[in-house]
Amino acid sequence: MLNVLIIGVGQCGNRILDAINKEAFGGSTRLSKYYSRQKFPSRVETLAINTAVNDLKELRFTSANDRFHVPNLHGVGANRTVGKQGFWNNQDMIMDEIEKRGDFDIAFVITSASGGTGSSFSPLLIHELKNQYKNISVIGIMVLPFREEGSIYLQNAAFSMRDMMEVETDGLILVDNQYLKRASGDIATAYDNINNMVAQRILFLIEALDNEMLSVTDLGDFKTVMRGGMGMGTIGFYQADKKTPSLASAIDNSLKPSNLLYPSNVYEEAARAMIIIQGSKKYLDVDVITTVVEKLSSNIGHVFKGIVVKKGLPKVLSVFTLEQAPELEQMYALAAQAIQEEKNRKNRSKKQLDDAFAYIEDLEEIY
Amino acid sequence: MRLIYLAVLVLLIAPVMAGSGDDDGETTSREFSLRVDEGVKIGEYRVELINVVSVMDGLIEVKVWKRVSEFEDWRVMEDHRDSNFDEGADRGGLTLTVVEIFDDDTIRMRAEYRDDYGYPRKYTTERGLAPKNLPELIVEKKFDRTDISVNDEVKVTVTVKNVGNDTARNVLIFETPPLSQFRYLAGYPPKIKSQLAPKESDFAVYSMVAVTEGEVLVPALVVSYADAKGNIASVSSSSFTINIKPKRKPNLDLIVEPVPPIEHGGTGVINVTVLNNGEASAYRVEIKGETTPADGGIEVTKGSLGKTYFEIAPGASENYSATVKGSRSGNYTATIKANYQSDEVIMQKEVSFEIIVLERPYKYLYFVLVLPVLLVAFWIFRRYKEYKY
């Protein structure tokens, strides 16, 4: 059995973690936690870490024991420097909390790239996890902000993503709020939908990695995929319906940009991929799967395929790493522009203040 | 004026002349019958027949007296001979003649007297008003019961009493032939003393048994007797009707007091009353009882549901009780049967009643209901605490 640790850091990470816990309850109603038990496919331990206690209080499906408030902090105000200091000050306490949950084969650290706590804590946390648990694979799940959310968020996203790559994470799965927002109406609904989508895919992935398959993919394959390309990728998912139960179209749909968590053209930008197909045996035509996978392999690098026989219509999860990410580059450009503008604004303000103070430069207070 | 004096003189003299002519008034005769101790009033005279001395000889004894005078004359008269009293009718007295003597008691007489004495008027003499020395019997025939059914024994009492002031002689009872509706046992025909002194009574009793039902007319009983002179008289009792009912039967009622529900493992008492509602005794009463289903869920621990009695008289009742223990819950039916006899006829009565043995009271049974609620509440609270931060 796979031992999995899922850590949600910061408000965004906490909420996605809560969505995962809700999904484990069956994900039906808000009251499901009162009459149901969580059914994780493997031994899964969860932990929500935050510096803002109010964010922790908002969680509904994460047990109190799985919520850790970093003491003496009331949020870091989107300031990664403050956040990093807060982590270092409480590092032992945080690691002890994780250590209570035993040993793990893989850890997912879910965080927003733009926030304060998540973006500052997550790279340091991953670094510590890699140090403390030598054989553990740590996968970061990083949520990119709406581009119009503000310059600080863009700046945080840019620097935190770089930090994540520098701490040698075993892979970074990108989730782009800006991209996923198009599928939802208002912001609140969009957040909920994004959180649920991520939760559903993560649990599917864990189940697939810890299942007896007709065609085997395992944690090792997953690691290999995540190490490909830029070391960052995303996840696609598609569930066939009764009208179009075709397996080939389901696999194709899972690779389409509309079903990815981060905008990408898989056939042109992916480096490695893993396709996990689940469904009733009558839908699982190996020839069709092989044909589709071969087609994908001819365009990108290696493609692992896993087939899970489970009653129901076909579900396809595609995990792949990117060889190139134009969207990311655009975001960094925006971030650089935002930083420059922020710097200019600050300089202007400072100059204005200096000019103002110049009026009283040689004067003294007289009483 | 002379004429006026003459008229006044005539008016004064006329009544005097009329009064002085009484002695020379016209007489009349009238005939009438008389009984001994009867009399007739003729003017101021009273003529009373004292006795018929001899019918054969035509002799009677009369008494003639005049009111408001000292005249009184006792005389034996011979029939068909005129007898003058107080100087006879021609001189203002009476002339009596016995026309005929009918019997010892009654005669016919003719009286001659002055016309202005009017018609003779009869009366009863003081002697006639005085009580006579004659026997007088009253007789009564009486049944000792009026509610008679077939096979009932009836005692008939015949009572004869002399309420006269002379001894009744040759007293004889004439009872009707035996009634077919009865079988006569003893004392029939009834007999009493042949002579009964004044105020003396005698009675006779005989018994009989009613054999057929229906209405029976009990005829009058006749008693004949004679007085001192040998005169024979008779008297009879009243006739009456009786109704002989059908044969009396016993009728047993088995009355069971309602048995309250018995607690599981508890006991209950069954009280049975055997009441004879009938009109005859019930003999050899044998009562048996049983409970169904006979699964041992209910058992008699004290007393018995059965009982025997040799006789239960009409209107009488017997009581007995039994204690039962309910060891298994359920509804049980107890049946009590009574067999009894009357005149070799066997009769039967049966009564059934329900005995309920309650379910075992599980005092803490409500925990079964409350516990899940508590568990759910505890579970919800635990979950709430688990997820409350």
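The figures here come from the full heavy-atom set of this structure, side chains too, leaving out hydrogens, waters and symmetry mates. Protein chains get the first letters and strands the later ones, always in sequence-line order, with residue 1 at the start of each.
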Check your understanding: Atom NZ of B/Lys388 and atom NZ of A/Lys57: how far apart are they, to the nearest 0.5 Å?
Key -> 7.0 Å
Check your understanding: Would you find more than 12 non-hydrogen atoms of other residues, nucleotides or ligands less than 6.0 Å from B/Tyr184 atom OH?
Key -> yes
Review point. With a 4.5 angstrom heavy-atom cut-off, which part of A/Ser63 approaches chain B: side chain, backbone, both or neither?
Key: both
Review point. Roughly how far apart are B/Arg382 CZ and A/Tyr34 OH, rounded to 0.5 Å?
Key: 13.0 Å
Practice item. Verify the neighbour count for atom CZ of B/Phe240: are there more than 12 heavy atoms of other residues, nucleotides or ligands below 6.0 Å? Key: yes
Check your understanding: What distance separates B/Arg383 CZ from A/Leu31 CG, expressed to the nearest 0.5 Å?
Key -> 12.5 Å
Practice item. Take atom CZ of B/Arg145 as the centre, draw a 6.0 Å sphere, and report whether it contains more than 12 heavy atoms from other residues, nucleotides or ligands. Key: yes
Check your understanding: Around A/Asn131, counting heavy atoms of other residues, nucleotides and ligands shown, do more than 12 lie under 6.0 Å from its CG?
Key -> yes
Point to revise | Test item: A/Arg67 side-chain N/O and B/Tyr387 main-chain N/O as donor-acceptor pair under 3.5 Å | key: yes
Check your understanding: If you count the non-hydrogen atoms of other residues, nucleotides and ligands that lie under 6.0 Å from CZ in B/Arg183, is the total more than 12?
Key -> no
Practice item. Would you check if the distance from the ring center of A/Phe61 to the ring center of B/Tyr389 is below 6.0 Å? Key: no
